[in-house]
Asks: 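Next up is a structure, given as C-alpha cells.
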Amino acid sequence: MSEKEKSQEQEIENKKEQTSTESTENQQNTTADNSEIEQSMIDESQKKPVDNNNEELTTQGSLEEENAETESTSEEKEDASHHDELESAIAEDSEDEDSHERHGIEMKDYHAMTMQELIDELSSLVKNEKVQHIKDHVQEIKIEFDAKFEEEMEQKKEDFLEEGGNIIDFHYSSPVKKEFNSVYFDYREKRNNYYQQLKQNLNKNLEERLAIIEELKGMIGSGADMGANFNQFKELQERWKKAGPVPREEYKTVWNTYHHHVENFYDFLHLDREFRDMDFKHNLEQKLKMIARAEELAEETNINRAFRELQMLHKMWKEDVGPVAKEYREDIWEKFSAATKKIHENRQAHFSELDKEKEKNLEVKLQIIESLKAIADKEITSHNQAQQQIKKIESLRDQFFKAGKVPLKVNEDTWKAFKENVRSFNRKKNAYYKNLKKEQYKNLEMKLELVEIAEDNKNNEDFKATTPIMKKIQSNWKQIGHVPRKDSDKIWKRFKDACNHYFDRVHAVKNEENKEENEAFDKKKALLEEVKAIELKGEPNEDLKLIKSKISEWKELGRVSFNKRYIEGKFNKVLDQLFNKLDIGRKEAEMMKYENRVQALDEADDSRQIEKEEYFLRKKIGETKAEITQLENNLQFFSNVDETNPLVRDVLKNIQKHKDQLDTWKAKLKKIKSL
C-alpha cells in the first residue's frame, strides 16, 4: 500500500473517531486493515487458522496443525488454480464485450478436412463471423493446413530428388497454398485493424476507470454530507459499469484497486448505516442468487456451457455487485468457491473422458500406421501393383485424418511415424518408376528406329519387297513396351502417318489393277439380287432353263478379287433354294453349281490352285469309299436279320447316300481333269 493511501486511511480513522456515537463499533471498523479487505475479495479461504484461546500450542498440536495446514494449502492451491483460470478467461473476455458469440461458433473436426475444405471453412469464417470471435478456429485451421501442406511438399521434394534434381533448386508452390495464403492474409488484415482500434478504445477506457478510482479515493474523508456522498458514489458506480473493457493485463489490478476503495468507502459510510446496510443487503441477495445458480451449474451435463456461465457469474460477482457485510463475506465466498471447484472438477472429468476418446483414436491410428508399414515394406514389381498400392495408401491416409485427435504427448510421434511410412512407400514407388522410365526410354529408342524405317520406305515403289518390311515393323511395334507419356502420342502419330501413307499407295495401285474385278463384283452383286427375286412358274423345264441362263450370265461376268469371293457362296445358297423347289437331282444341281468353281479356277490360271482342288477331290473320294466299306462291314452283323429291320434300313440308306456323294465327287474330279 502506498504512503498516500496509508495517509488517507489515517484520515478516515480520525474522522470516524471524532463523529462516531457508537465508539465500540467505530473502533472495530477503523482498526480493520484495508489490505486484508482487498485480500479477502481475492481469496477468503487463504486465512490461516489461529488458536481461539490465544494459548501456546503443544508440540503434538503443532504437528497436527502443520499437517492440516499442508493439506489445506494443497486445496488452496487447487482452488487458486481454478480461480486463476477463471481470472484469465474473464480478462480475455473483457476485451470482447460480445464474447458469448465466439463460444457459439462450432469448432469443427478440422483434422479430418482436406486442404481445400480447410480453405473453404476459413473463408466462410472470415466472411461471416466477427474477426475477434474466430481466433481459436483460425489457429486450428492453420495448424492442420500447414501440416498437410508440409506432407505434400515433402512428397514433391522426394519426387524431385528421385528424378535427379538438386535440393538447392527445389521450390514448390501450389494454387491451394496461394489460395490459403490469400484468405489468411485477409483474416490478418481484418484482425490487425480490429485490434488496433480495440487497443485505442481499451486504453481510453483504462484512463476513464483510473479517473473514476481517483474520484472515489477523493470522496473518502471529505466533509460532504453523507447523503450527497452516497449519491455521488452511486453515480460513480454507474459510470464505472458503462466505462467499457480495459486491456487484459490491466484487468485484475484495476478491479482489485477499485474494490479496495469501494470497501473503504463503505467503511467510511458507517456514519449513515441506513445507506450502507441497504446496499449490503441488496448485494448479499444478488450474490446468494449467484451461488444458487453456480450450484445448479455444478449439476449441468453440458460442461462447456456450465464453464462459460460460471465465467459470467464470476464477472458479475467481481464487476457488477458490490461488497456485503463483513460477517457474510467469508461464508458466501466459500460457498461460491465450493460450487466453482465442483464445476472445475466436472470439467476436468470431462477432459479425462475426451482423453480416453483420444486414446481410442490413437489405437486406430497405430493400426493404420501398421497397415501403411506393411504396404511400404513390400517391393513393387509391376505398374498395376503400384497403382493398387497407391489407392490403398490414399485410403489409409484419409482414414488417418478422419480418425480424430490423439493425446498431445504422442501427437508428434504419431504424426512422425505416419509420415515416415508414407515416405518409405513413396521412395519405393519413385524408384520403381525411375527404373521403369529407363526401360521406357529404351523402348522409345527402338520405336524411333521403326519410325525412321517407316518414313524411309513410305514412298518406295517396290511394293513386293517393301510390303513385308512394313508389315514386319508394325508387328514389332506392338511387341515393344510403353514409352514415356510425353513422347507416346508424338511418335505414334509419325509412325501411323508413314504406314498409312505407304498402304494407301499400295491400295490405290491394287484398286487400279483390280478395277475389272471390282466392276465384276458390283455386277454380280446386282445379279444376285435378281436371282433372289426369281419366282418359279412351276414348269420344271422352263424354270431350269431360266436358272441355267442366270448361271451362264454369272460366269460371263468374270472373277472378283480374292477378298470378295464370299459372293460366290451367297450365289450357291440361292441356287440351292431354287433347285430344292425344282426337285432336281442333287448330283445335277451340285454339278451345275460346280461349273462356277471350275470357271474360277480356269480363269485364275494358277496350276497350284487346280492341283489343290484335285487333291481335295481325291481325298473326299477316298474318305467316301472308306465310309461305304465301313458301313458294308457293319451289315455283316445283321446277316440273319430281315432288311425290313429299322437298323438295317438306316445302314442301307446311309450306304446309298455315300454312293451318290461318291458319284458327285468323281464327276467333279473328271471336270477338273478336263482343264
Side-chain angles (χ1 to χ4, degrees), residues 39-49 68-94 96-107 133 136 248 251-252 255-256 259 280-359 407-408:
Q39 185 64 27
S40 70
M41 288 298 297
I42 299 172
D43 188 355
E44 293 286 348
S45 65
Q46 292 184 1
K47 294 180 179 178
K48 294 184 179 181
E69 184 174 336
T70 302
E71 185 177 346
S72 174
T73 302
S74 176
E75 292 179 359
E76 288 169 3
K77 286 182 178 178
E78 185 179 352
D79 289 345
S81 69
H82 295 163
H83 292 298
D84 287 344
E85 184 179 351
L86 277 167
E87 285 281 356
S88 177
I90 293 170
E92 181 178 358
D93 282 353
S94 71
D96 183 7
E97 295 178 293
D98 52 358
S99 60
H100 60 281
E101 295 181 23
R102 164 161 53 91
H103 299 299
I105 302 173
E106 180 186 3
M107 184 69 77
H133 297 161
D136 295 339
R248 72 181 71 174
Y251 176 82
K252 186 174 182 180
W255 277 100
N256 286 343
H259 281 292
F280 278 171
K281 182 180 179 183
H282 172 74
N283 295 340
L284 179 61
E285 290 173 354
Q286 295 300 312
K287 290 193 173 183
L288 288 174
K289 289 179 182 179
M290 293 182 202
I291 292 169
R293 181 54 186 159
E295 290 171 346
E296 290 177 5
L297 291 175
E299 307 302 324
E300 171 65 59
T301 56
N302 189 324
I303 303 301
N304 289 330
R305 184 171 65 190
F307 182 72
R308 288 197 297 270
E309 190 168 341
L310 179 65
Q311 282 180 247
M312 295 304 298
L313 290 176
H314 271 261
K315 190 173 183 180
M316 291 167 60
W317 184 287
K318 189 168 189 177
E319 297 182 11
D320 298 342
V321 182
V324 299
K326 279 189 176 183
E327 61 266 26
Y328 299 116
R329 289 177 189 173
E330 184 173 352
D331 182 53
I332 63 173
W333 177 250
E334 286 179 355
K335 288 180 179 179
F336 193 49
S337 294
T340 297
K341 181 179 179 182
K342 175 63 175 173
I343 294 170
H344 272 272
E345 288 173 350
N346 293 344
R347 191 161 180 255
Q348 289 171 353
H350 172 68
F351 287 138
S352 296
E353 287 300 316
L354 291 180
D355 286 341
K356 290 179 182 178
E357 288 296 321
K358 290 181 179 180
E359 289 291 342
L408 186 62

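When reading the values below, keep in mind they use all heavy atoms of this one structure, side chains included, and skip hydrogens, waters and symmetry mates. In what follows, residues are counted from 1 in the order of the sequence shown.
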Asks: Could you grab the distance from atom CG of Leu313 to atom CZ of Arg308, nearest 0.5 Å is fine?
Replies: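 Answer rounded to 0.5 Å: 13.5 Å.
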Asks: How long is the span from the CG atom in Asn302 to the NE2 atom in His350, to the nearest 0.5 Å?
Replies: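 Those atoms lie 8.5 Å apart.
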Asks: Quick one: do Ile332 and Trp317 satisfy side-chain contact (heavy atoms from CB on, under 4.5 Å)? Show the steps, please.
Replies: CA-CA 11 Å; Ile332 63 173; Trp317 184 287; 4.0 Å; yes
Asks: Any idea how Phe307 and His344 line up, ring-wise: parallel (<30°), tilted (30 to 60°), or perpendicular (>60°)?
Replies: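 Ring orientation of Phe307 relative to His344: perpendicular.
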Asks: List the residues meeting side chain to side chain donor-acceptor pair (under 3.5 Å) with Arg305, not counting sequence neighbours, and say none if there are none.
Replies: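 If we apply the side chain to side chain donor-acceptor pair (under 3.5 Å) test to Arg305, skipping adjacent residues, the hits are Glu300.
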Asks: Rounded to the nearest 0.5 Å, how far does CG of Asn283 lie from OH of Tyr328?
Replies: 13.0 Å
Asks: Checking side-chain contact (heavy atoms from CB on, under 4.5 Å) against Met316, which of Lys287, Met290, Lys289, Gln311 comes through?
Replies: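 It is Met290; the other options fail the test.
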Asks: Measure the spacing between CD of Gln348 and CD1 of Ile303 and express it to the nearest 0.5 Å.
Replies: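 Output value for this atom pair is 11.0 Å.
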Asks: Is there a donor-acceptor pair closer than 3.5 Å between any side-chain N or O of Asn346 and the backbone N or O of Ala298?
Replies: yes
Asks: Calculate, to the nearest 0.5 Å, the distance between atoms CD and CZ belonging to Glu327 and Phe280 respectively.
Replies: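 Interatomic distance, Glu327 CD to Phe280 CZ, rounded to 0.5 Å: 8.5 Å.
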Asks: Atom CG in Leu284, atom CD1 in Ile291: separation rounded to 0.5 Å?
Replies: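 The distance works out to 8.0 Å.
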Asks: For Lys358, I'd like to know if atom NZ has over 12 heavy atoms of other residues, nucleotides or ligands within 6.0 Å.
Replies: yes
Asks: Quick one: do Arg293 and Glu296 make a salt bridge, cutoff under 4.0 Å?
Replies: yes
